[in-house]
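Data first, discussion second: the structure below is written as structure tokens.
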Number of protein chains: 2
Amino acid sequence: MADEARPSVTGVKAHRIFLLLKEAIASGALAPGDRLPGELKLAEQHEVSRVTVRRAMEALREAGLVARRPGVGTVVQEQPMASTVTASVSNLLPNMVRMSAASNVRLLEFRYVEATGVVRERLGLKAGERVQRSIRVRLMDDKPFSYLVTHVPERIALQYTEADLARTPLFALLERSGVTVDRATQTISAALAGPETARALELAEGSALIALNRVVFDQTGAGVEHLDALYRPDRYRIQMELTRAGDEAERYWEPLAGEPLAGEPAAAGARASGGG
Amino acid sequence: MADEARPSVTGVKAHRIFLLLKEAIASGALAPGDRLPGELKLAEQHEVSRVTVRRAMEALREAGLVARRPGVGTVVQEQPMASTVTASVSNLLPNMVRMSAASNVRLLEFRYVEATGVVRERLGLKAGERVQRSIRVRLMDDKPFSYLVTHVPERIALQYTEADLARTPLFALLERSGVTVDRATQTISAALAGPETARALELAEGSALIALNRVVFDQTGAGVEHLDALYRPDRYRIQMELTRAGDEAERYWEPLAGEPLAGEPAAAGARASGGG
DNA sequence: ACAAAATGTATTATAGAAAGTACAATCAAA
DNA sequence: TTTGATTGTACTTTCTATAATACATTTTGT
């Protein structure tokens, strides 16, 4: 939603009102074409000054959510679709290959370090073993959408170069290095953008990000890749198709495997949050 | 994890730094025993004054997350096991049933409204059709972890009562209402906690939340449920086991269906799972 | 033409957050 | 013991969000 690399709304009260209105719009409570209450009325309702309401409203306009005209009022605008990368869980690699064609990568870091903490533990490494740590930012149409921190055991990582990593998906590099990928564990969470990641992803500190952790194992059960990924929710979505399986007693959702997604980015609407 | 329903931190910048550090601790990026960077270093990193960093750090101490000692530094404290609900995508319903036993529900809203915007569109309803809108908060050990907004077409929702919804998972109610659930589309994103959700989930405004949207369809392809869920990432995780499938040319990840999860965040039976 | 309602612009005042600086106290390691 | 890194404390200054008020400008409807 409108990059907002610098927080367009200053102050806590103003920001609070901004969020409330933004949510009302995102949820459809205020549909495109609807007129918002006047500044005075909103100031009264929220028990703040008109200046404060004004800041919130101007932020909405900057974000392209509303249009304001003197004498008329503030009306909700029709939203242009934002181009969003959609990842289907059941169809990861083909998507990635497709994506690689249209996307670029910035390699922010590439070095060998000693494995520590969770990384060492989850990859099943011994104390003192070294890993290749890399940080990449992936861009689509020159707009960054993901921040990827990977750790790969040294013995595997030595099979490819820094240049390789800047060009080729890590996945392909692993295969090329003779690794037979077998299974992976993936956890999805959420996180706030810190100073580093905010800069890399070109958004405001404190923005919400999708946090994904994936540990990949080969056929021997040895860990071959540890990924910590952060995604901009307005440019990246994780999508799943589920079907119902099992009999009466024990029904459950079963992810639909290998189903090519219908609409690529196209639909997906520019609405992000849904907070509040 | 010291709920901090009222932000103990004054100021926006200080509060943001507080949230970032808190999250780093919650996620395990900063493990118990680890030393945080010094106040000066943090001030530099975040481009703020030391006073501001200080406010954030003191809030962390108040929250019991860190211990601070002059001459030593600020170290992450051992945390009393936060009970985390882990949802396995491939195993939704059985988990949900298990969970229902150990968890409570607060019903915040239950009313019938006209379907608008995305909800109407995604459920495939005609203009003017009505839906039953409900807001529920799910709790585990009296601690809220999810905020669920559901929309169900009126004709289906009339088959169950408000009391039913406060007791029984919506899923079971749909089945009981004669609906044959067939498939669902699920999208995972991230969002910030707004005023409403922050209060309901007992955390600070501006915290990061997992945002999940699910649209459920019956065998005729008609939409029967629209769920917008927000989860506290420190109390809820979405987990997936993936295996590699396909041949050389077109390999892809395939979610492992029905696989009971192996090693879990350790002890204390604090694991259940499920969705809306 | 006029009035009503809305946004746009300006000014002043206040409180609180943040910056900047300086120095003291505490601990650990060389 | 000395040195360096850390937190604790104190103070002044600058900046900014907010409040309160006033008036101009634009549009719509009577």
Side-chain angles (χ1 to χ4, degrees), chain A residues 4 6-22 24-25 30 33-77 194-195 198 204-206, chain B residues 4 6-21 25 30 33-77 195 204-206:
Chain A
E4 196 198 339
R6 276 163 209 132
S8 46
V9 48
T10 68
V12 247
K13 296 190 182 179
H15 192 255
R16 209 179 78 98
I17 295 171
F18 168 74
L19 285 175
L20 284 168
L21 294 173
K22 178 178 154 187
I25 293 171
L30 288 169
D34 284 2
R35 241 185 63 227
L36 272 64
E39 293 175 351
L40 281 171
K41 183 163 284 180
L42 280 175
E44 203 179 322
Q45 281 177 10
H46 292 91
E47 294 177 349
V48 297
S49 73
R50 197 185 143 211
V51 193
T52 305
V53 169
R54 191 139 236 286
R55 273 204 281 270
M57 304 278 263
E58 265 154 21
L60 287 176
R61 173 167 55 189
E62 267 183 41
L65 292 173
V66 301
R68 319 190 67 201
R69 275 166 57 214
V72 179
T74 303
V75 301
V76 180
Q77 272 190 315
E205 254 185 75
Chain B
E4 195 233 341
R6 284 175 199 119
S8 47
V9 204
T10 68
V12 243
K13 296 190 181 179
H15 189 253
R16 184 185 307 145
I17 294 171
F18 167 75
L19 285 177
L20 286 168
L21 293 173
I25 294 171
L30 289 171
D34 284 1
R35 243 184 61 232
L36 272 64
E39 294 176 350
L40 280 171
K41 183 163 285 182
L42 280 175
E44 205 178 319
Q45 280 177 12
H46 294 266
E47 295 177 348
V48 297
S49 72
R50 200 186 141 208
V51 193
T52 305
V53 169
R54 191 139 234 289
R55 274 204 280 266
M57 303 279 263
E58 266 154 22
L60 286 176
R61 173 167 56 191
E62 266 183 40
L65 292 173
V66 300
R68 318 191 68 202
R69 276 167 54 216
V72 179
T74 303
V75 300
V76 179
Q77 276 189 313
E205 259 185 69

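A note on names: the letters A, B, ... follow the listed sequences, proteins ahead of strands, and every chain is numbered from 1. Basis for what follows: all heavy atoms, side chains included, without hydrogens, waters or symmetry-related copies.
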Next item on the list: Compare side-chain N and O positions of Thr52(A) against OP1 and OP2 of dA19(D) and report whether any pair is under 4.0 Å apart.
Entry: yes
Check: Arg54(A) has an atom CZ; how far is it from atom P of dT25(D), in whole Å?
Finding: 15 Å
Checklist line | Test item: Leu36(A) and Val76(A) side chains (from C-beta on) under 4.5 Å apart, heavy atoms | finding: yes
Item checked: Distance in angstrom units between His46(A) NE2 and dA17(D) P, rounded -> 19 Å
Item checked: Value in whole Å for how far the C1' atom of dA19(D) lies from NZ of Lys13(A) -> 9 Å
Next item on the list: Have a look at Val51(B) and say if it touches a base, only the backbone sugar-phosphate, or nothing, with a 4.0 Å heavy-atom cut-off.
Entry: base
Next item on the list: With heavy atoms under 4.0 Å as the rule, sort Arg69(A) into base, sugar-phosphate or nothing.
Entry: sugar-phosphate
Next item on the list: Would you kindly give the CZ-to-P distance between Arg50(A) and dA19(D), to the nearest whole Å?
Entry: 14 Å
Next item on the list: Go through dT18(D), dT26(D), dT7(D) for me and flag the one nearest to the Arg55(A) side chain.
Entry: dT18(D)
Checklist line | Nearest-angstrom distance from the residue atom CD of Glu39(A) to P of dT26(D) | finding: 16 Å
Notebook entry, point to check: Start at the 5' end of DNA chain D and walk down; is the nucleotide closest to Ser49(A) or to Pro70(B) reached first?
Noted result: Pro70(B)
Notebook entry, point to check: Ile17(A) has an atom CD1; how far is it from atom P of dA17(D), in whole Å?
Noted result: 14 Å
Check: Nearest heavy-atom pair of His15(B) and Ala204(B): which atoms, and what distance?
Finding: NE2-CB, 3.7 Å
Checklist line | Rounded distance (Å) that lies between atom P of dA20(D) and atom CG of Leu40(A) | finding: 13 Å
Notebook entry, point to check: Does Arg61(B) put a side-chain nitrogen or oxygen below 4.0 Å from OP1 or OP2 of dG8(D)?
Noted result: yes
Item checked: Boundaries of the chain A footprint along DNA chain C (any atom under 4.0 Å from a heavy atom) -> dA5(C) to dT9(C)
Item checked: Minimal non-hydrogen separation, Pro37(B) against Met57(B), with atom names -> O-CE, 4.1 Å
Check: Relative to the 5' end of DNA chain C, which residue comes earlier, Glu47(B) or Val72(B), by the nucleotide with the nearest heavy atom?
Finding: Glu47(B)
Notebook entry, point to check: Given the rule in the side-chain contact (heavy atoms from CB on, under 4.5 Å) test, do Leu21(B) and Val66(B) qualify, once you have shown the distances and angles that lead to the verdict?
Noted result: CA-CA 10 Å; Leu21(B) 293 173; Val66(B) 300; over 6 Å; no
Note to self: Would you say that Leu42(A) contacts Ile17(A) through its side chain, given a criterion of any heavy-atom pair below 4.5 Å between the two side chains?
What the structure shows: no
Checklist line | side-chain contact (heavy atoms from CB on, under 4.5 Å) evaluation trace for Glu58(A) with Arg54(A) | finding: CA-CA 6 Å; Glu58(A) 265 154 21; Arg54(A) 191 139 236 286; 2.7 Å; yes
Notebook entry, point to check: What does Gly71(A) touch in the nucleic acid at a heavy-atom separation under 4.0 angstrom: a base, only the sugar-phosphate, or nothing?
Noted result: base
Item checked: Whole-Å gap separating P (dA5(D)) and CG (Leu36(B)) -> 18 Å
Check: Would Leu40(B) and Glu44(B) satisfy side-chain contact (heavy atoms from CB on, under 4.5 Å), going step by step from the backbone distance to the final call?
Finding: CA-CA 6 Å; Leu40(B) 280 171; Glu44(B) 205 178 319; over 6 Å; no
